[in-house]
Colleague: 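Below is one structure. I have some questions about it.
Note that the numbering runs from 1 along the sequence shown for the chain.
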Amino acid sequence: MKKASSLSQLGFDADGASSGFFRPVADGACTPSSHRRRLTKVSVIGAGNVGMAIAQTILTRDLADEIALVDALPDKLRGEMLDLQHAAAFLPRTRLVSDTDLAVTKGSDLAIVTAGARQIPGETRLNLLQRNVGLFRKIVPALAEHSPEALLLIVSNPVDVLTYVAWKLSGFPASRVIGSGTNLDSSRFRFLLAEHLDVNAQDVQAYMVGEHGDSSVAVWSSVSVAGMPVLKSLQESHSSFDEEALEGIRRAVVDSAYEVISLKGYTSWAIGYSVASLVASLLRDQRRIHPVSVLVRGFHGIPAENDVFLSLPARLGRGGVLGVAEMELTEEEAKRLRRSAKTIWENCQLLGL
């Protein structure tokens, strides 16, 4: 039996297929195409656990009219697409296409890159660098060619360095190249604080900035709940909230991804929701603030000549990065941020881009 994902591939003519089911209104001036809106297309490159969690979350949140999936493994790719297509009766109407050829991404409004070697237990994100840069040399220029007006959202690790790589290889302005950065780290930070304070995590304002990785910075000075500063209250009510304890909490946030990887082999659901929140802010022009990896030369004492991408709270909309917040950091927080930037820049310099 011929394999197919649509009736047209089985030989049925799709032209006028709906005419037997639907009758036009008496005044036929308004044809189905008269008020056709511009459709939104999102491409996800990499159909692994992370890529599919992102695609599934975008699909269920009805954030795109078309989703294109790309992966190097054709059988797995087709299986993933069919598995989602078979849920069509339970989901918003979204066209799903897939191919091993990046040409399927043509006309994308947003291209999300998750492709890369999987992080293995005990491996740091920066150790993934050389294994993934070669892959980006094949992916990013092709994406830029097929969708020259798209936004690029990089999720592959080490995300800060690879966002820099994508910026260099694409030729896009920095405002249209974004890394998922510490958006998820900040969510983990908010979760831990919310559990301790017995409040909803959505009511906790707390940011992790800098590298998405070991040198990330917990911005304790700006943590608040309902507009009330949290750190002073915690230190007054719990003498154990000293510098060592604060570092322990930051470390717990950083290590949480490693813990998930050691337990189930990979992370997927949290990053899926995290990226979907970025997609909504970008494509729906929501102007929401997210800590994502952006070009930060000149911020907080980072040398203006260093093209470093790391996470700071950024305002996101349809045009990409619409602005970066000038956070008030303590001197110690700014020092740690500059140290994080130095680590990332040293790795970028090894690439010769």
Side-chain angles (χ1 to χ4, degrees), residues 42 54 57-58 61 63 109-110 112 151-155 159-160 163 167 172-194 197 199-213 216-231 250 253-254 270-302 308-330 333-334 336-338 340-341 344:
V42 174
I54 291 170
T57 312
I58 290 173
R61 290 190 59 182
L63 296 176
D109 296 281
L110 173 65
I112 304 169
L151 302 172
L152 288 182
L153 178 54
I154 310 303
V155 182
V159 68
D160 302 295
T163 303
W167 175 55
F172 285 3
S175 60
R176 289 202 281 126
V177 184
I178 306 156
S180 55
T182 59
N183 196 51
L184 178 52
D185 306 69
S186 297
S187 175
R188 290 167 173 152
F189 189 25
R190 292 166 68 186
F191 163 75
L192 288 176
L193 293 170
L197 298 170
V199 297
N200 191 303
Q202 294 183 354
D203 294 319
V204 178
Q205 290 292 314
Y207 290 112
M208 300 286 290
V209 298
E211 179 201 2
H212 171 57
S216 62
V217 181
V219 188
W220 283 100
S221 62
S222 66
V223 175
S224 66
V225 174
M228 298 179 293
V230 167
L231 181 57
R250 187 201 72 86
V253 172
V254 172
I271 187 63
Y273 283 105
S274 172
V275 172
S277 73
L278 300 178
V279 173
S281 292
L282 291 165
L283 296 185
R284 292 181 174 173
D285 200 31
Q286 291 182 340
R287 312 298 175 102
R288 291 191 62 193
I289 309 299
H290 295 270
V292 289
S293 191
V294 296
L295 184 63
V296 294
R297 59 189 178 201
F299 280 88
H300 301 291
I302 296 169
V308 176
F309 280 73
L310 53 72
S311 288
L312 286 175
R315 184 164 57 106
L316 303 183
R318 191 60 188 80
V321 178
L322 306 179
V324 179
E326 293 275 11
M327 296 188 77
E328 288 191 13
L329 302 177
T330 66
E333 290 167 345
R336 292 189 179 195
L337 184 69
R338 289 191 291 270
S340 186
I344 296 168

Colleague: Would you say Val204 and Gln202 make side-chain contact, with heavy atoms under 4.5 Å?
Modeller: no
Colleague: Without swapping roles, check the side chain of Thr163 against the backbone of Phe309 for a donor-acceptor pair under 3.5 Å.
Modeller: no
Colleague: Is it true that a side-chain atom of Ser187 and a backbone atom of Asn183 form a donor plus acceptor pair closer than 3.5 Å?
Modeller: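 The answer is no, because no donor-acceptor pair under 3.5 Å joins these two groups.
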Colleague: Determine whether a donor-acceptor pair (N or O, by modelled atom type, separation under 3.5 Å) exists between the side chain of Thr182 and the backbone of Met208.
Modeller: yes
Colleague: To the nearest 0.5 Å, what is the distance between CG (Leu282) and CZ (Arg318)?
Modeller: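 Leu282 CG to Arg318 CZ: 8.5 Å, rounded to 0.5 Å.
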Colleague: Do you know which two heavy atoms are closest between Ile54 and Gly272, and how far apart they sit?
Modeller: CG1-CA, 3.9 Å
Colleague: Run the side-chain contact (heavy atoms from CB on, under 4.5 Å) check on His290 and Ile178 step by step: do they pass?
Modeller: CA-CA 11 Å; His290 295 270; Ile178 306 156; over 6 Å; no
Colleague: Are any side-chain N or O atoms of Glu333 and backbone N or O atoms of Trp220, one a donor and one an acceptor, separated by less than 3.5 Å?
Modeller: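 The answer is yes, because a donor-acceptor pair under 3.5 Å joins these two groups.
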Colleague: Leu329 and Val217: side-chain contact (heavy atoms from CB on, under 4.5 Å), yes or no, with the steps?
Modeller: CA-CA 11 Å; Leu329 302 177; Val217 181; over 6 Å; no
Colleague: How far does OH of Tyr273 sit from CG of Leu184, to the nearest 0.5 angstrom?
Modeller: 13.0 Å
Colleague: Rounded to the nearest 0.5 Å, what separation is found between the OG1 atom of Thr330 and the CZ atom of Arg336?
Modeller: 8.5 Å
Colleague: In sequence, state the C-alpha distance, the side-chain angles, and the governing distance for Leu316 and Leu322, and then conclude on side-chain contact (heavy atoms from CB on, under 4.5 Å).
Modeller: CA-CA 6 Å; Leu316 303 183; Leu322 306 179; over 6 Å; no
Colleague: Can you name the nearest heavy-atom pair linking Ser216 to Val254, along with the distance?
Modeller: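 Nearest heavy atoms, Ser216 then Val254: OG-CG2, 3.3 Å.
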Colleague: When rounded to the nearest 0.5 angstrom, what is the spacing between CG in Leu151 and CG in Leu278?
Modeller: 11.5 Å
Colleague: Looking only at heavy atoms, what is the nearest atom pair of His300 and Leu312, with distance?
Modeller: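 Answer, listing the atom of His300 first, then Leu312: CD2-CD1, 4.1 Å.
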Colleague: For the CG atom of Asp203 and the CG atom of Leu197, what is their distance to the nearest 0.5 Å?
Modeller: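 One gets 11.0 Å once the value is rounded to the nearest 0.5 Å.
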Colleague: Can you see which heavy atom on Val292 is nearest to which on Ala314, and at what distance?
Modeller: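 In this case the closest contact between Val292 and Ala314 is CG2-CB, 4.0 Å.
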Colleague: Looking at side-chain heavy atoms only, is the closest gap between Val223 and Phe189 below 4.5 Å?
Modeller: yes
Colleague: Closer than 3.5 angstrom, by distance alone: can the side chain of Arg190 be matched with the main-chain N or O of Ala201 as a donor-acceptor pair?
Modeller: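 Yes; at least one donor-acceptor contact below 3.5 Å.
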Colleague: Looking at His212, is its backbone amide N or carbonyl O close enough to the side chain of Asp185 to form a donor-acceptor pair, meaning the two atoms are under 3.5 Å apart?
Modeller: no
Colleague: Could you tell me which non-hydrogen atom of Pro291 sits nearest to which non-hydrogen atom of Ser311, and how far apart they are?
Modeller: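 Scanning both residues completely, I find the closest heavy atoms to be O-OG, 3.9 Å.
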Colleague: Going from CG on Leu337 to CD1 on Ile302, what distance comes out if it is rounded to the nearest 0.5 angstrom?
Modeller: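 Between atom CG of Leu337 and atom CD1 of Ile302 there are 4.5 Å.
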Colleague: Using atom types as modelled and distance alone, determine if a side-chain donor or acceptor of Trp167 lies under 3.5 Å from a backbone N or O of Pro173.
Modeller: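 No, the answer is negative, given that no donor and acceptor are paired below the 3.5 Å cut-off.
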Colleague: Might you point out which heavy atoms bring Leu310 and Glu211 nearest each other, and give the distance in Å?
Modeller: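 Smallest heavy-atom distance, with atoms named: CB-N, 4.4 Å.
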Colleague: For Ala270, does its backbone N or O pair with a side-chain atom of Ser274 as donor and acceptor, under 3.5 Å?
Modeller: no
Colleague: Could you check Val230 against Met228 for side-chain contact (heavy atoms from CB on, under 4.5 Å), going step by step and ending with a plain yes or no?
Modeller: CA-CA 6 Å; Val230 167; Met228 298 179 293; over 6 Å; no
Colleague: I want to check something: taking the side chain as every heavy atom from C-beta on, are Phe299 and Glu326 in contact at a cut-off of under 4.5 Å?
Modeller: yes
